[in-house]
J.: 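I have a structure here, written as structure tokens, and I will follow up with some questions on it.
Because only heavy atoms are used, hydrogens play no part in the values below, and waters and symmetry mates are left out as well, while side chains stay in. When a ligand or atom number is given, it counts from 1 through the structure's own listing order.
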Amino acid sequence: MNNDKQSFKSGFVNIIGNPNVGKSTLMNAFLGTKLSITTPKVQTTRHRILGMLNGENYQIIFSDTPGILNPKYEMQKRMLNYVFSAIEDADLLLYLTDIDDIKKVNENIISRINKLSIPVLLIINKIDLHKTSEIEAAELFWKKTLPQAEIHKISALRGDNLPELLNRIIELLPEHPPYYDDTDAISDKTERFFVAEIIREKIFLNYRQEIPYSVDVQIEEFKEKEDITVIKAVIYVMHHSQKVILIGKNGTAIKKVGMEARKDIEAFLGTKVFLELRVKVKENWRNNPNILKKFGYGE
Ligand SMILES: Nc1nc2c(ncn2[C@@H]2O[C@H](COP(=O)(O)OP(=O)(O)OP(=O)(O)O)[C@@H](O)[C@H]2O)c(=O)[nH]1
Ligand SMILES: [Mg+2]
């Protein structure tokens with residue numbers, strides 16, 4: 001029995017990369033469940049989200065992180081800080097790219113990675129979208145840019161090479177007892193957090209231009225009753241004109257968001273859900289440190 005304990009592996013496997021390369025899709029694929037929201041738009045993920053994967057002899061704590069960006073406002077600064085923290089506390093770093101983002105390499109991040117002494121896997125994602133010659137060109141580029149990284153080629157969406165990648169991750173994990181005793185827990189974030197995220201995902205999918213980036217969702221009430229969960233959420237926008245767009249003519253736009261979100265929340269919670277959405281204006285919330293803190297964007 002003692003031997004078994006000694007060979008247990010556990011560690012923090014942090015996923016970083018440019019916006020939209022498939023970081024959240026990859027973590028969800030490993031976990032076998034849709035935990036982190038994913039959309040075709042950049043900057044979908046705004047927080048660092050842990051996802052736990054428990055095996056017989058291992059516990060992996062994945063971190064999904066926001067895409068690397070050049071911050072233009074305070075919320076984005078905090079998003080980038082989550083990336084920095086993920087570089088610093090990783091036992092194993094997964095740098096995800098999608099071939100198209102070769103031209104958008106952030107030198108600061110690359111030099112930080114090149115100074116690390118932990119194993120780094122450079123993962124070329126979305127191979128289902130590219131020709132072999134394009135994939136090979138990307139490989140060459142990354143061999144030069146991150147010389148110590150081991151290269152893997154995958155499709156997070158289709159599942160290509162994911163079992164091999166998972167085996168390699170387990171091989172590289174340090175021997176360590178599990179960090180989390182509760183093997184049923186899948187994340188450090190609460191159900192309320194994920195419910196707000198589901199609503200935000202529907203806003204990303206239903207609105208264009210600056211609207212998704214001007215919105216935050218907060219859960220004001222979350223009551224589990226015998227046969228239904230009652231959820232009241234507030235969607236914060238920055239200007240009155242955005243509130244008008246969000247609600248739409250006769251409320252049709254917001255109704256659509258509510259219906260789509262309710263379906264996913266019901267599947268996520270496994271209960272029936274009553275969902276009430278309200279829209280409120282909070283001027284310039286993205287730049288207000290106090291509001292950001294209240295909204296869960298720690299420094
Ligand atoms: N074709 C294809 N699409 C993929 C693959 N992986 C992810 N996608 C798509 O790429 C888009 C972005 O995926 P996300 O997982 O949200 O990307 P992300 O890196 O988490 O993005 P941010 O949170 O904005 O930084 C979504 O539309 C995904 O369905 C893949 O392997 N192949
Ligand atoms: Mg994401």
J.: Please confirm whether Lys41 approaches ligand 1 to less than 4.0 Å, judged on its heavy atoms.
T.: yes
J.: Looking at Phe193 and His47, what are the two nearest heavy atoms and their distance?
T.: CE1-CD2, 3.6 Å
J.: Would you say Thr45 and ligand 1 have an N/O pair spaced under 3.5 Å apart?
T.: yes
J.: Among protein heavy atoms, which lies nearest atom 3 (N) of ligand 1, and at what distance?
T.: Leu157 CD2, 3.6 Å
J.: Under 6.0 Å between the ring centres of Phe295 and Tyr236?
T.: yes
J.: Atom 32 (N) of ligand 1: which protein heavy atom is closest, and how many Å away?
T.: Asp128 OD1, 2.8 Å
J.: Give the intermediate values and the outcome of side chain to side chain donor-acceptor pair (under 3.5 Å) for residues Thr229 and Thr271.
T.: CA-CA 7 Å; Thr229 309; Thr271 65; 2.8 Å; yes
J.: Do any nitrogen or oxygen atoms of Pro19 lie less than 3.5 angstrom from nitrogen or oxygen atoms of ligand 1?
T.: no
J.: Which is it for Leu50 and Tyr180 under the side chain to side chain contact (heavy atoms under 4.5 Å, CB included) test, yes or no, and what are the steps along the way?
T.: CA-CA 12 Å; Leu50 302 196; Tyr180 292 89; 3.6 Å; yes
J.: Is the contact between Lys126 and ligand 1 made by the side chain, the backbone, both, or neither, using heavy atoms and a 4.0 Å cut-off?
T.: both
J.: For Gln148 and Ile113, work out which heavy atoms get closest and say how close.
T.: NE2-O, 3.3 Å
J.: How about Thr45: does one of its N, O or S atoms come closer than 2.8 Å to the Mg ion (ligand 2)?
T.: yes
J.: For ligand 1, which atoms, with element, lie under 4.0 Å from some heavy atom of Gly67?
T.: 25 (O)
J.: Mind listing the closest non-hydrogen atom pair of Arg48 and Ser85 along with its distance?
T.: NH1-OG, 2.9 Å
J.: Below 4.0 angstrom from a heavy atom of Ser155, which ligand 1 atoms are there? Numbered from 1 as shown, please.
T.: 30 (C), 31 (O), 32 (N)
J.: Measure the distance from atom 25 (O) of ligand 1 to every protein heavy atom, then report the residue, atom name and distance (to 0.1 Å) of the closest one.
T.: Lys23 NZ, 2.8 Å
J.: Looking only at protein heavy atoms, which one is nearest to atom 6 (N) of ligand 1, and what is the separation?
T.: Asn125 ND2, 3.2 Å
J.: Ignoring angles and geometry beyond distance, decide whether Val42 reaches within less than 3.5 Å of ligand 1 through its nitrogen or oxygen atoms.
T.: no
J.: Could you check whether Glu266 pairs with Arg262 (Lys NZ or Arg NE/NH1/NH2 to Asp/Glu carboxylate O, under 4.0 Å)?
T.: yes
J.: Enumerate the atoms of ligand 1 whose separation from the nearest heavy atom of Leu129 is less than 4.0 angstrom.
T.: 1 (N)
J.: Using a strict 4.0 Å threshold on nitrogen-to-oxygen distance, state whether Glu150 and Arg168 make a salt bridge.
T.: yes
J.: Do you see an N/O/S atom of Ser24, backbone or side chain, under 2.8 Å from the Mg ion (ligand 2)?
T.: yes
J.: Please could you name the atoms of ligand 1 that Gln43 approaches to less than 4.0 Å, counting only its heavy atoms?
T.: 24 (O)
J.: What part of Asn20 sits under 4.0 Å from ligand 1 if we count only heavy atoms: the side chain, the backbone, both or neither?
T.: both
J.: Taking all atoms of both residues into account, what is the closest heavy-atom pair of Pro119 and Asp91, and its distance?
T.: CD-O, 3.5 Å
J.: Counting heavy atoms only, which of Pro66, Gly159, Pro40 comes nearest to atom 27 (O) of ligand 1?
T.: Pro40
J.: When you measure from atom 14 (P) of ligand 1 to every protein heavy atom, which one gives the shortest distance, and what is it?
T.: Thr25 OG1, 3.5 Å
J.: Do Arg112 and Phe84 meet the cation-pi criteria used here (NZ or CZ under 6.0 Å from the six-membered ring centre, within 45° of the axis)?
T.: yes
J.: Within the structure, does Ala156 bring an N/O atom to less than 3.5 angstrom of an N/O atom in ligand 1?
T.: yes
J.: Report yes or no: is the cationic atom of Arg78 (NZ for Lys, CZ for Arg) under 6.0 Å from the centre of the six-membered ring of Tyr297, at an angle within 45° of the ring normal?
T.: no
J.: Of the protein's non-hydrogen atoms, which lies at the shortest distance from atom 17 (O) of ligand 1, and what is that distance?
T.: Gly22 N, 3.1 Å
J.: Within the 4.0 Å heavy-atom shell around Thr38, which atoms of ligand 1 are there?
T.: 15 (O), 16 (O)
J.: In a check of side chain to side chain contact (heavy atoms under 4.5 Å, CB included) between Ile87 and each of Val120, Thr65, Ile16, Ile118, which one passes?
T.: Ile16
J.: Provide, to 0.1 Å, the distance between atom 26 (C) of ligand 1 and the closest protein heavy atom, together with that atom's residue and name.
T.: Thr39 O, 3.5 Å
J.: So which heavy atom on Thr97 is nearest to which on Trp142, and how close?
T.: CG2-CZ2, 3.3 Å
